[in-house]
Amino acid sequence: MLQYGNMKEKAYPFDKIEPKWRKYWNKNKFFEVNVKNFAKKYYCLVMFPYPSAALHVGHGRNYIIGDVVARYKMMHGFNVLTPIGWDAFGLPAENAAIKNNIHPKKSTLDNIKTMKRQIDSWGVCYDWPREVTSCLPDYYKWTQWIFLKLLEKGLAYKKKAFVNWCPSCNTTLANEQVIDGKCERCETPVKQKDLEQWFFRITDYADKLLNDMNGLPGWPERVKVMQKNWIGRSTGVNIHFPIADSDKMLTCFTTRVDTIFGATYMVLAPEHPGLEALIKDAKNKSEIFKFIEEAKNESRIKRSAVDAEKKGMFTGRYVINPVNNRKIPLWVANYVLMEYGTGAVMAVPAHDQRDFEFAGKHNLPIEVVIDDPKFSLDAEIMKQAYVKNGVMVNSGQFNGMPNREAMERIAGFMEKEKIGKRSVHYRLRDWLISRQRYWGAPIPVIYCDKCGVVPLPEKALPVLLPEKVKFKPRGESPLKDSKEFVNTRCPKCKGSAHRETDTMDTFVDSSWYYLRYISPKSKSKPFDKRDVDKWLPVDQYIGGVEHAILHLLYSRFITKVLHDSGFIGFDEPFRNLFTQGMIIKNGAKMSKSKGNVVSPDELIKKYGADTVRLYTLFIGPPEKDAEWSDRGVEGAYRFLARVWRMVEITSNSGLPGNDGKALRRKTHRTIKKVTGDMEKGFGFNTAIASVMELVNEIYAASLKKETSKSALKEAVKTVVLLLSPFVPHLAEELWGKLGEKPSILKQAWPSYDKGLVVEEILTIPIQINGKLRSKIDVPPGISDEALKEKVLADEKVKKYLGDVTLKLIIIPNRLVNIVIPK
RNA sequence: GCCGGAGUGGCGGAAUUGGCAGACGCCCAAGAUUUAAAAUCUUGUGGCCCGAUAGGGCCGUGCCGGUUCAAAUCCGGCCUCCGGCACCA
């Protein structure tokens, strides 16, 4: 076993050098940027943390990656903006505060202190004077301002609706915060509650949010796909069905208008608003009502489960299929959702599996209208719906057409005859932003008996969150208790009024913070348009994939709204996005409850920050999840100690007679490899591996004295420069030891000599029938003829070659394959 | 069910316009050093087999097939795992 931890002496004095350099960077303000200087700007942003508890090494991955990118860009002469802040409002902080009986403001600010210390101890540097804290009035004033801007635009509205309610958190939730029918925070099954709530009209931007992803090549495919799924665009036709014995219509949405001739019944959602009037004269009215009430009261998870029982009932009414005037029965069923489409569905049992099952159970007719080109379908003996493409049958004038073509024709026909209209529907719902909780930004409107809902004027902002409140949640906003807060005057008529007591979803706070960093101190506006337009979009955004939908979709939405209102000149906030993988311990995500949290504090004490950084970067491709290994950390430490000793070992090595070319080649190839890995993006693990190779070579050359002094010096300096974004403290210290002036941050990234990266002698593998049989050394650029001669003269090759005609495949500078015909 | 990603030694992982599979690190073993150990330095390290050694052979990138002089990589058909969506009409 390795005994580093018990040693009296450290393998290298990281405990001395690390605090020294952190102080130095801080004092010299290397990470503080002047936003007016945007000539060669680079905005490097990490998702701002939630100050709920101490950080673990998994969190560190995010900050370390960001720090490496910032330092690397700085060495390329970029003016790098790398800010940080705190997503400080919200449930976890509040819940912890309740549990420990401490005011959330205090616990949040305490947590921030701890996290600041930890971030600093990693050697991760930020532009600290730009720090923002979303729970402080100078920030949330502008969150409230954004709400007012949306309200002005008609993009914030209040409506009574069935909303997601978490009985444990005692608040409503946005659709995006409900995962498998459960609260994303506490996993309590979510209930439906009929409440009047504030929404943001994100659905107005559904198309833009979807289409504009085409302009984001710097985003990971998986994130774009997730957003695409979430938005859930489907195109089809809204078809109007006249109701029999009535002058009214029912409209349904379908994506399969080609199956319209096979519609043999129609089904309404239990919540359908027209339902009550339709059944008021039914004989079994009370029975139908009972069914509807039961269906409505079914829990959402139960009702939306794929294998849930499909229950339905005939309403006694009929509708007319507008393409063939056939009278078809109207049903109500639990599987039709009011939230999607029109809440009415045309049922085509022959070509929809769900309808097929329902028709079978309730004895409804099945009519084939798309035939299988391979063998004719027969409704009598079908075992399942035919959902593939085929040829139109029983469909009047459209018979004989391929169904895909008929789809377009029928849609056109319906629009001409005014019986239907092409239509687009989305899965995306409007964003519910009201929360019945204490720890959030108050919604800046008041209710006046005379004037109704009145938005507060900008000069009345911020609406301060009162501090002396019993903040324990109980189903209504705790702010209702504060008479001082609630009772106010109407800004319009000056009459008595009361304030909105709900607070905003935390995701509103985090949907615009990247703009505030540009003008964090501005008292007169949320941000300076000129500066923001220079610095955004963010050049590189880095964060966890868990925000693929929530935060990233909301931020894009808010950016688009601000753009359309003329407040900013760009409509996508993040040009490049990198989502790092999770760090796993013992096969599971690190969490307090599982007891597998690896704290950076002890590790940094034992091995130093540079070791923790290096291991975090070397653990694997940063976009993938990775298992934390204590052995791996020791390996990283051993390597850094080896680099430390390298400077001593090489200082008096090298032979005057040696030209050092071999080492110089390796040095320059390493510069090329590391630069390539960094430029292609986030290839830290392979970049570090290639520096390790160079270090191994330096040791070998130095110990055998098979190189020159100058080549060694160049190699050693290169190692220090290439490692400096990864292990900045060690790099600064060694840079000084090599007789150079600090800071290494001000050094240019090394460039390589093209002449030195090409090989002097190439080792060419020789295959015979695709199997490796020999290798020969040749000069690069050797002619095919000369190469062939050399290959055929090779002893090993000769063994395999009989007296046969053969063919040589020559891939210049790479490989030779000899083909012997069988 | 639909969509996206992945599957390579004992382990983390390298290698992609098809061209030496296993870089680098971990683990493990041996040697040097040491009174001894740790640390350090050096060497070895995919599996099976032939060989005293030098050396050589066969197999091998989830599975089955195909294309090709040549496949981890391309094509067809599967399997497994991870993630997203899903009674969405």
Side-chain angles (χ1 to χ4, degrees), chain A residues 1-4 6-7 9 11 179 220-234 236 252-256 259 267 269 303-310 333-337 339-348 352-355 357-358 387 425-427 545-546 548-549 615 618-621 623-636 638-639 641-642 645 649 673 685-693 695-696 699-700 703 763-775 796 799 806-811 813-821:
Chain A
M1 275 297 275
L2 301 171
Q3 294 292 321
Y4 288 126
N6 302 333
M7 286 175 63
E9 254 179 73
I179 312 292
E221 194 57 32
R222 59 173 169 167
V223 173
K224 288 195 272 189
V225 166
M226 279 188 224
Q227 293 212 355
K228 198 172 168 187
N229 284 343
W230 189 260
I231 295 167
R233 182 181 202 262
S234 47
C252 77
F253 172 68
T254 182
T255 53
R256 290 294 307 273
T259 65
V267 200
R303 204 176 136 189
S304 64
V306 186
D307 50 4
E309 195 192 346
K310 291 174 184 48
N334 63 344
Y335 72 87
V336 180
L337 309 171
E339 311 92 82
Y340 188 78
T342 61
V345 176
M346 70 175 210
V348 185
D352 180 289
Q353 187 58 26
R354 216 173 21 202
D355 297 344
E357 284 162 27
F358 193 81
V387 295
H425 287 259
Y426 300 93
R427 215 192 69 93
V545 75
E546 66 275 16
I549 296 171
Y615 177 64
F618 188 61
I619 193 166
E623 68 279 8
K624 282 201 196 156
D625 290 354
E627 170 82 26
W628 187 266
S629 141
D630 296 334
R631 292 286 196 169
V633 179
E634 287 182 349
R638 220 157 26 209
F639 170 69
R642 197 165 146 87
R645 289 190 302 266
I649 288 170
K673 169 75 176 145
N685 52 334
T686 48
I688 291 166
S690 66
V691 179
M692 287 172 169
E693 280 185 62
V695 171
N696 290 344
Y699 265 76
L703 294 174
T763 301
I764 301 287
I766 303 169
Q767 297 182 332
I768 292 173
N769 288 338
K771 289 197 179 193
L772 179 69
R773 294 301 180 194
S774 185
K775 287 180 183 184
K796 282 179 194 156
K799 275 203 315 195
L806 41 83
K807 195 170 102 184
L808 254 68
I809 311 263
I810 296 171
I811 310 297
N813 298 333
R814 291 206 86 152
L815 163 144
V816 174
N817 191 11
I818 303 170
V819 187
I820 303 174

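Reminder, nothing fancy here: chain letters follow the sequence lines and each chain counts from 1. Everything numeric here is computed off the predicted structure, so don't read it as measured data.
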Measure the distance from CD on Glu339(A) to C1' on C87(B) and round it to the nearest whole Å. 12 Å

In whole angstrom, what separates Leu772(A)'s CG from A15(B)'s P? 21 Å

Heavy atoms of Gly620(A) and Asn685(A) approach each other most closely as C-ND2, 3.6 Å

What is the pairing partner of G1(B), taking Watson-Crick or G-U wobble pairs with both distances under 3.5 Å in any strand? C85(B)

Of all the nucleotides listed (A89(B), C41(B), C24(B)), which has the minimum atom distance to the side chain of Arg642(A)? C41(B)

What's the gap between C69(B) and G77(B) when it is taken at their P atoms, as a whole Å value? 24 Å

What nitrogen or oxygen pairs link the protein and nucleotides 65-70 of chain B at under 3.5 Å?
{"from": "C69(B)", "atom 1": "O2'", "to": "Asn817(A)", "atom 2": "ND2", "distance (Å)": "3.1"}
{"from": "C69(B)", "atom 1": "O2", "to": "Asn817(A)", "atom 2": "ND2", "distance (Å)": "2.6"}

Counting only side-chain heavy atoms from C-beta out, which of C85(B), C87(B), C24(B) sits nearest to Asn229(A)? C85(B)

When the C1' atoms of C24(B) and A14(B) are considered, how many whole Å apart are they? 8 Å

Look at the rings of Tyr615(A) and Trp628(A) and say which category their plane angle falls in: under 30° parallel, 30 to 60° tilted, over 60° perpendicular. perpendicular

Identify which nucleotide among G83(B), A89(B), C24(B) has an atom closest to any side-chain atom of Leu337(A), counting heavy atoms from C-beta outward. A89(B)

Base partner of C63(B), which must satisfy Watson-Crick or wobble distances under 3.5 Å: G77(B)

Considering every strand shown, what is the Watson-Crick or G-U wobble mate of G51(B) when both distances are under 3.5 Å? none

As a test of the definition: with a 90° window around 0 for syn, would you call G9(B) syn or anti? syn

Say you pick atom C1' in U35(B) and the same atom in A29(B); how far apart are they, in whole Å? 25 Å

Just wondering, do Val545(A) and Arg222(A) contact through their side chains at under 4.5 Å, heavy atoms? yes

Would you compute the distance between atom CD of Glu357(A) and atom CG of Asp352(A) and round it to the nearest 0.5 angstrom? 9.0 Å

So, is Asn696(A) near the phosphate of G25(B), with a side-chain N or O under 4.0 Å from OP1 or OP2? yes

Applying a 3.5 Å limit to both distances, which nucleotide forms a Watson-Crick or G-U wobble pair with G31(B)? C41(B)

NA contact type, Asn685(A), heavy-atom cut-off 4.0 Å: base, sugar-phosphate, or nothing? sugar-phosphate

By the 4.0 Å heavy-atom rule, please label Arg233(A) as base, sugar-phosphate, or nothing. nothing

Provide, to the nearest angstrom, the distance between the CD atom belonging to Glu357(A) and the P atom belonging to A89(B). 16 Å

Select from Pro765(A) and Tyr340(A) the residue whose nearest nucleotide in RNA chain B is closer to the 5' end of that strand. Pro765(A)

Rounded to whole angstroms, how far apart are CD1 on Ile619(A) and P on A14(B)? 12 Å

Suppose you measure atom P in A71(B) against the same atom in C78(B); what distance do you get, rounded to whole Å? 24 Å

Quick one: on RNA chain B, does Arg645(A) or Glu627(A) contact a more 5' nucleotide (nearest heavy atom)? Glu627(A)

What's the gap between G9(B) and A23(B) when it is taken at their P atoms, as a whole Å value? 13 Å

Per Thr254(A) side chain, nearest of listed nucleotides C85(B), A89(B), C20(B): A89(B)

Does the side chain of Tyr335(A) come under 3.5 Å of the side chain of Asp355(A) through a donor N or O and an acceptor N or O? yes

Please determine if a side-chain N or O atom of Lys771(A) lies less than 4.0 Å away from the OP1 or OP2 oxygen of C59(B). yes

Look at Arg638(A) and C27(B) and indicate whether a side-chain polar atom (N or O) is within less than 4.0 Å of OP1 or OP2. yes

Separation of C3(B) C1' from Lys224(A) NZ (nearest whole Å): 15 Å

Without decimals, in angstroms, what is the distance between Lys624(A) NZ and G83(B) C1'? 14 Å

N/O (side chain, Arg814(A)) to phosphate O (OP1/OP2, G18(B)) under 4.0 Å: no

Whether Thr686(A) contacts G13(B) is assessed here as follows: a side-chain N or O lying under 4.0 Å from the phosphate OP1 or OP2. Is that the case? no

Check the phosphate of G57(B) against Arg773(A), side-chain N and O only, distance under 4.0 Å to OP1 or OP2. Yes or no? yes

What is the distance from CH2 of Trp628(A) to C1' of C11(B), rounded to the nearest Å? 16 Å

Now, which nucleotide makes the Watson-Crick or G-U wobble pair with A70(B), with each of the two distances under 3.5 Å? none

Could you check whether any side-chain heavy atom of Cys252(A) comes within less than 4.5 Å of a side-chain heavy atom of Thr342(A), counting everything from C-beta outward? yes

Can you tell me which nucleotide in U42(B), C85(B), A14(B) comes closest to the side chain of Trp230(A)? C85(B)

Contact class for Lys775(A) vs. all strands (heavy atom < 4.0 Å): base, sugar-phosphate, or nothing? base

pair Val695(A)-Arg642(A): side-chain heavy atoms closer than 4.5 Å: yes

Whole angstroms only, please: what is the CZ-C1' distance between Arg222(A) and C3(B)? 15 Å

Spacing of the P atoms in A54(B) and U61(B) (rounded, Å): 28 Å

Spacing of the P atoms in U8(B) and A72(B) (rounded, Å): 15 Å

Which nucleotide, if any, forms a Watson-Crick or G-U wobble pair with A14(B), using both distances under 3.5 Å? none

Less than 4.5 Å apart, side chain to side chain, heavy atoms only: is that true for Val816(A) and Ile809(A)? no

Roughly how far apart, to the nearest Å, are C49(B) and G12(B) at atom P? 26 Å

How long is the gap from CG on Asn817(A) to CZ on Arg773(A), to the nearest 0.5 Å? 11.0 Å

Heavy-atom closest contact (Val336(A) atom, Ala344(A) atom, distance): CG1-N, 4.4 Å

Counting only side-chain N and O atoms of Arg631(A), is one of them less than 4.0 Å from OP1 or OP2 of C27(B)? yes

CD1 (Ile649(A)) and CG (Leu703(A)) are apart, to the nearest 0.5 Å, by 6.0 Å

Of the listed nucleotides (C41(B), C24(B), G4(B)), which one gets closest to any side-chain atom of Met692(A)? C24(B)

Please work out if Thr255(A) contacts a base, only the sugar-phosphate, or nothing of the nucleic acid, heavy-atom cut-off 4.0 Å. sugar-phosphate

